[in-house]
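Notes for the one structure printed next.
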Amino acid sequence: SEGRPETPDLHMFRATAYKVKRDYYSALRSFDAGLKISDAKALNATFHFNKGIVYKAQEDFERAIKEFDETLSLAPNLIHALQFRGQSYSDIGKFERAIEDFDECLKLNSQFGEVYVDRGIAYYQKGDREKALKDYNKAIDLNRNLKWAYYQRGFTYSSMGRLDDA
């Protein structure tokens, strides 16, 4: 990299390439290097968001949540940061907190079918099968191609002994 200026964008491109290759250690180092030299709020939100995705991929959900928190402090309406933070909360068994994030997502975009599936899964994990089914049905109403919603709905009906509905 001699003669080439180190810019935040360069670190973002490099980190993204590492992330695609699943070289998460190098991706995190590049995201951190970009954060050290960037003073752009939106770009910093993107660095933190992508760090959260890497930690989530590594199943380090506590660190992912911290990165999504940082993202949201810089870009409060970044709906995917809310969604992925909610998924991370769900992954560590904090279903109420996950549902709060999914509710916030749906306030920003009530047509976001994938979030209804995410929230349905959190309800299911909490033991509220009826609310889970309601969310899976809403997701399917919004997007008939959401195969994951059909799967979750069928699984939920099956777990309730309602095999004819599954």
Side-chain angles (χ1 to χ4, degrees), residues 8-9 11-129 131-136 138-139 142-143 146-149 151-153 155-156:
D9 288 338
H11 288 290
M12 180 62 74
F13 294 135
R14 184 180 295 144
T16 301
Y18 286 133
K19 187 174 77 168
V20 168
K21 290 173 36 180
R22 295 195 171 129
D23 180 354
Y24 297 135
Y25 175 78
S26 298
L28 289 168
R29 285 186 50 209
S30 290
F31 286 134
D32 284 336
L35 277 166
K36 284 181 184 170
I37 61 174
S38 172
D39 60 1
K41 190 174 175 181
L43 185 58
N44 289 347
T46 304
F47 279 123
H48 286 291
F49 177 74
N50 279 287
K51 284 180 68 178
I53 290 171
V54 168
Y55 285 129
K56 192 172 179 317
Q58 293 177 313
E59 297 184 3
D60 188 343
F61 302 114
E62 296 286 351
R63 277 186 165 161
I65 288 166
K66 287 178 184 167
E67 292 301 331
F68 295 133
D69 285 344
E70 190 63 36
T71 302
L72 291 163
S73 76
L74 297 167
N77 293 329
L78 188 59
I79 196 166
H80 286 95
L82 277 167
Q83 179 190 21
F84 294 155
R85 186 176 70 181
Q87 290 172 353
S88 297
Y89 276 125
S90 201
D91 288 330
I92 61 173
K94 294 185 177 181
F95 304 117
E96 283 299 328
R97 188 65 185 87
I99 290 166
E100 289 173 18
D101 277 352
F102 299 140
D103 288 345
E104 284 302 309
C105 286
L106 295 170
K107 284 180 189 171
L108 293 171
N109 180 357
S110 65
Q111 303 301 302
F112 197 173
E114 291 86 349
V115 173
Y116 285 100
V117 178
D118 291 334
R119 190 174 69 178
I121 292 168
Y123 280 132
Y124 178 90
Q125 293 295 330
K126 267 185 54 175
D128 193 336
R129 307 295 196 253
K131 282 187 179 177
L133 287 171
K134 184 177 175 187
D135 275 355
Y136 302 144
K138 178 68 175 179
L142 290 170
N143 182 350
L146 273 179
K147 292 178 178 97
W148 190 238
Y151 171 82
Q152 290 297 329
R153 183 176 71 179
F155 182 84
T156 301

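Only heavy atoms go into these numbers, but all of them, side chains included; no hydrogens, no water, no symmetry mates.
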Decide whether a cation-pi geometry holds between Arg129 and Tyr124; the criteria are a distance under 6.0 Å from NZ or CZ to the six-membered ring centre and an angle within 45° of the ring axis.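 Arg129 over Tyr124 ring: yes.
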For the [atom1] atom of [X] and the [atom2] atom of [Y], what is their distance to the nearest 0.5 Å?
| X | Y | atom1 | atom2 | result |
| --- | --- | --- | --- | --- |
| Arg97 | Ile92 | CZ | CD1 | 10.0 Å |
| Asp60 | Lys66 | CG | NZ | 8.5 Å |
| Gln83 | Leu108 | CD | CG | 11.5 Å |
| Glu59 | Ser88 | CD | OG | 10.5 Å |
| Leu74 | Thr46 | CG | OG1 | 9.5 Å |
| Gln87 | Lys56 | CD | NZ | 4.0 Å |

What are the two closest heavy atoms between [X] and [Y], and how far apart are they?
| X | Y | answer |
| --- | --- | --- |
| Ser90 | Ala98 | N-CB, 3.7 Å |
| Leu82 | Cys105 | CB-SG, 3.4 Å |
| Asp23 | Ser26 | OD2-OG, 2.9 Å |
| Thr71 | Ala81 | CG2-CB, 3.8 Å |
| Leu43 | Pro8 | CD2-CB, 3.3 Å |
| His11 | Ser30 | CB-O, 3.4 Å |

Report, as yes or no, whether the 6.0 Å neighbourhood of atom CZ on Arg63 holds more than 12 heavy atoms from other residues, nucleotides or ligands.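 No, because the 6.0 Å sphere around CZ of Arg63 holds 12 heavy atoms or fewer from other groups.
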Electrostatic pair Arg119-Asp101, nearest N-O below 4.0 angstrom: no
Between Asp135 and Lys131, does any side-chain N to carboxylate O distance fall below 4.0 Å? no
Are [X] and [Y] close enough that some pair of their side-chain heavy atoms sits under 4.5 Å apart?
| X | Y | answer |
| --- | --- | --- |
| His48 | Phe68 | no |
| Met12 | Thr16 | yes |
| Ile65 | Tyr55 | no |

If the plane angle is over 60° it's perpendicular, under 30° parallel, otherwise tilted; pick one for Phe84 and His80. tilted
Check the pair Tyr18, Tyr24 against side-chain contact (heavy atoms from CB on, under 4.5 Å), reporting the backbone distance first and the verdict last. CA-CA 7 Å; Tyr18 286 133; Tyr24 297 135; over 6 Å; no
Could you check whether any side-chain N or O of [X] sits under 3.5 Å from a backbone N or O of [Y], counting only pairs where one atom can act as donor and the other as acceptor?
| X | Y | result |
| --- | --- | --- |
| Ser110 | Leu106 | no |
| Tyr116 | Ala149 | no |
| Tyr136 | Val117 | no |
| Ser38 | Gly34 | no |

Residue that, paired with Arg85, satisfies salt bridge (Lys or Arg N to Asp or Glu O under 4.0 Å) out of Asp91, Asp69, Asp118: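 Single salt bridge (Lys or Arg N to Asp or Glu O under 4.0 Å) partner of Arg85 among Asp91, Asp69, Asp118: Asp69.
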For a side-chain contact (heavy atoms from CB on, under 4.5 Å) check, start with the C-alpha distance between Asn109 and Val115, then their side-chain angles and the critical distance, and finish with the verdict. CA-CA 9 Å; Asn109 180 357; Val115 173; over 6 Å; no
Give the intermediate values and the outcome of side-chain contact (heavy atoms from CB on, under 4.5 Å) for residues Leu35 and Glu70. CA-CA 12 Å; Leu35 277 166; Glu70 190 63 36; over 6 Å; no
Assess whether side-chain contact (heavy atoms from CB on, under 4.5 Å) is satisfied between Glu67 and Phe31, documenting all intermediate values. CA-CA 12 Å; Glu67 292 301 331; Phe31 286 134; over 6 Å; no
